[in-house]
Amino acid sequence: MTSIADSPVTITLIFANAAISMWAFYSNPIYYEKLAERPYEIVYEKKFYQMFTSAFLHADYFHLFFNMYALYIFGTILEPFWNEEFGFATGSLIFAAVYFISLLFSSLLTVLLHYKDRNYAAVGASGAVEGIVFAFVVYAPFSTLAFFFIPMPAWLFALLYLGFTIYGVRTRLGNIGHAAHLGGAIAGFFFTLFCIPGAMDYFLSNF
């Protein structure tokens with residue numbers, strides 16, 4: 001049985017996201033504007049820091065809660081698992097690597113798809129969190145996850161989620177950062193599968 005003490009990176013990330021988001025909610029709105037991810041500004045004004053800072057901001061309390069709840073659920077499973085597999089410090093470093101690599105790729109894909117749009121802006125840890133969710137799918141493809149509240153095997157959830165996200169990117173469905181979700185999910189899955197020792201064996205052993 002694990003406790004939150006076994007997931008120090010997860011808990012630190014939750015605290016950082018909550019603290020920075022709440023600071024942005026109540027501080028001068030100019031900071032929120034400057035720190036959000038604006039692909040046009042990143043490409044043409046070289047504001048590369050936005051690719052990182054935007055991932056610690058959220059649109060509202062519901063957005064913050066949903067992302068942090070998902071991070072807590074999957075983080076407190078994966079981080080202790082990796083700590084047990086590779087040792088306490090190494091496992092937590094692996095968890096952090098998956099999180100931030102997913103964050104980076106989610107931001108990069110957002111920039112790639114929206115850099116011509118002067119008005120496009122995005123915030124949220126969703127891309128990084130999706131990377132953690134899809135890392136979990138590598139280890140437990142037949143566990144039960146819910147897609148639109150319908151329970152199904154995690155591998156099917158992953159396929160449907162990717163399909164929905166690609167559709168969302170193509171149609172700009174809703175006020176949702178589909179590009180970030182897609183980039184983070186793909187990065188989390190493939191980085192875990194190919195770069196973490198033993199992950200491929202875990203994945204294949206389920207089939």
Side-chain angles (χ1 to χ4, degrees), residues 9-10 13 17 37 39 42-43 48 50-56 58 63 66-68 70-71 73-75 77-79 81-82 93-117 120-148 152-204 206-207:
V9 173
T10 300
L13 287 169
N17 273 278
E37 182 175 18
I42 290 170
V43 170
F48 301 117
Q50 292 180 353
M51 297 173 67
F52 177 79
T53 57
S54 61
F56 288 88
H58 289 80
H63 188 207
F66 185 82
N67 277 339
M68 294 306 99
L71 178 57
I73 293 298
F74 291 95
I77 295 172
L78 272 178
E79 189 177 356
F81 171 76
W82 280 327
L93 284 174
I94 289 172
F95 182 86
V98 174
Y99 185 91
F100 284 106
I101 286 169
S102 300
L103 184 162
L104 175 62
F105 274 83
S106 71
S107 294
L108 284 172
L109 188 57
T110 300
V111 171
L112 180 64
L113 294 179
H114 297 289
Y115 72 93
K116 295 181 181 179
D117 186 348
Y120 188 90
V123 294
S126 302
V129 174
E130 291 302 336
I132 297 300
V133 173
F134 274 68
F136 171 83
V137 173
V138 171
Y139 290 96
F142 285 95
S143 61
T144 301
L145 297 179
F147 185 74
F148 287 110
M152 61 188 65
W155 66 266
L156 180 58
F157 164 88
L159 291 177
L160 291 176
Y161 184 86
L162 288 175
F164 172 76
T165 304
I166 292 169
Y167 174 78
V169 168
R170 292 173 62 87
T171 63
R172 292 202 174 189
L173 179 67
N175 188 27
I176 299 171
H178 294 289
H181 294 180
L182 181 62
I186 291 173
F189 183 83
F190 285 106
F191 178 79
T192 300
L193 190 65
F194 293 114
C195 298
I196 297 179
M200 179 70 80
D201 292 334
Y202 268 99
F203 183 67
L204 295 177
N206 287 278
F207 294 93

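Computation of the quantities below employed the complete heavy-atom set of this structure, encompassing side-chain atoms and omitting hydrogens, waters and symmetry-equivalent molecules.
With hydrogens and angles disregarded, no donor-acceptor distance shorter than 3.5 Å links the side chain of Glu37 to the backbone of Thr110. For Ser106 (side chain) and Gly184 (main-chain N/O), no donor-acceptor pair under 3.5 Å exists by modelled atom type.
Evaluation of the side chain to side chain contact (heavy atoms under 4.5 Å, CB included) rule for Ile73 yields Tyr69 as partners, not counting sequence neighbours. Among residues two or more places apart in sequence or in another chain, the ring pair (Phe, Tyr, Trp, His ring centres under 6.0 Å) test is passed with Phe189 by Phe203. Every residue two or more places apart in sequence or in another chain that forms a side chain to side chain contact (heavy atoms under 4.5 Å, CB included) with Phe148 is listed here: Phe164. Judged as a side chain to side chain contact (heavy atoms under 4.5 Å, CB included), and not counting sequence neighbours, the contacts of Met152 are Phe147, Ile150, Leu156, Phe157, Leu160. When the side chain to side chain donor-acceptor pair (under 3.5 Å) test is applied to Ser54, no partner is found at least two apart in sequence or on another chain. Residues satisfying the side chain to side chain contact (heavy atoms under 4.5 Å, CB included) criterion with Tyr115, sequence neighbours excluded, are Pro39, Val43, Tyr44, Val111.
Pairs of residues two or more places apart, or lying in two chains, that qualify as side chain to side chain donor-acceptor pair (under 3.5 Å) and include a residue from residues 192-204 are Glu85-Tyr202. For residues 133-147, no pair satisfies salt bridge (Lys or Arg N to Asp or Glu O under 4.0 Å), with sequence neighbours left out. Pairs of residues two or more places apart, or lying in two chains, never qualify as salt bridge (Lys or Arg N to Asp or Glu O under 4.0 Å) while including a residue from residues 187-196. Applying the salt bridge (Lys or Arg N to Asp or Glu O under 4.0 Å) test to residues at least two apart or on different chains, none of the pairs has a partner in residues 153-167.
Between Val98 and Leu78 there is no side-chain heavy-atom pair separated by less than 4.5 Å. Put simply, the side chain of Gln50 does not reach to within 4.5 Å of the side chain of Ser107, judged on heavy atoms. Between Asn67 and Leu71 the shortest side-chain heavy-atom distance does not fall below 4.5 Å.
Atom-to-atom distance recorded for Thr10:OG1 and Ile77:CD1 is 10.0 Å, nearest 0.5 angstrom. Atom-to-atom distance recorded for Leu113:CG and Leu108:CG is 11.0 Å, nearest 0.5 angstrom. Separating the OG1 atom in Thr165 from the NE2 atom in His181 is a distance of 7.5 Å, to the nearest 0.5 Å.
When all heavy atoms are compared, the tightest approach of Ser126 to His63 is OG-NE2, 3.7 Å. Considering all non-hydrogen atoms of both residues, Ala55 and Asn17 come closest at O-OD1, 3.1 Å.
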Solution key, residues 168-179 side-chain donor-acceptor pairs under 3.5 Å, sequence neighbours excluded:
from, atom 1, to, atom 2, distance (Å)
Thr171, OG1, Tyr167, O, 2.8
Arg172, NH1, Asp117, OD2, 3.2
Arg172, NH2, His114, ND1, 3.2
His178, NE2, Leu173, O, 2.7

Please tabulate, for side-chain N and O atoms in residues 128-144, each donor-acceptor pair with protein atoms closer than 3.5 Å (sequence neighbours left out).
from, atom 1, to, atom 2, distance (Å)
Glu130, OE2, Tyr161, OH, 3.1
Tyr139, OH, Trp82, NE1, 2.9
Ser143, OG, Ala140, O, 2.8

Taking it one step at a time, do Phe52 and Phe48 satisfy ring-ring contact (aromatic ring centres under 6.0 Å, His included)? CA-CA 8 Å; Phe52 177 79; Phe48 301 117; over 10 Å; no
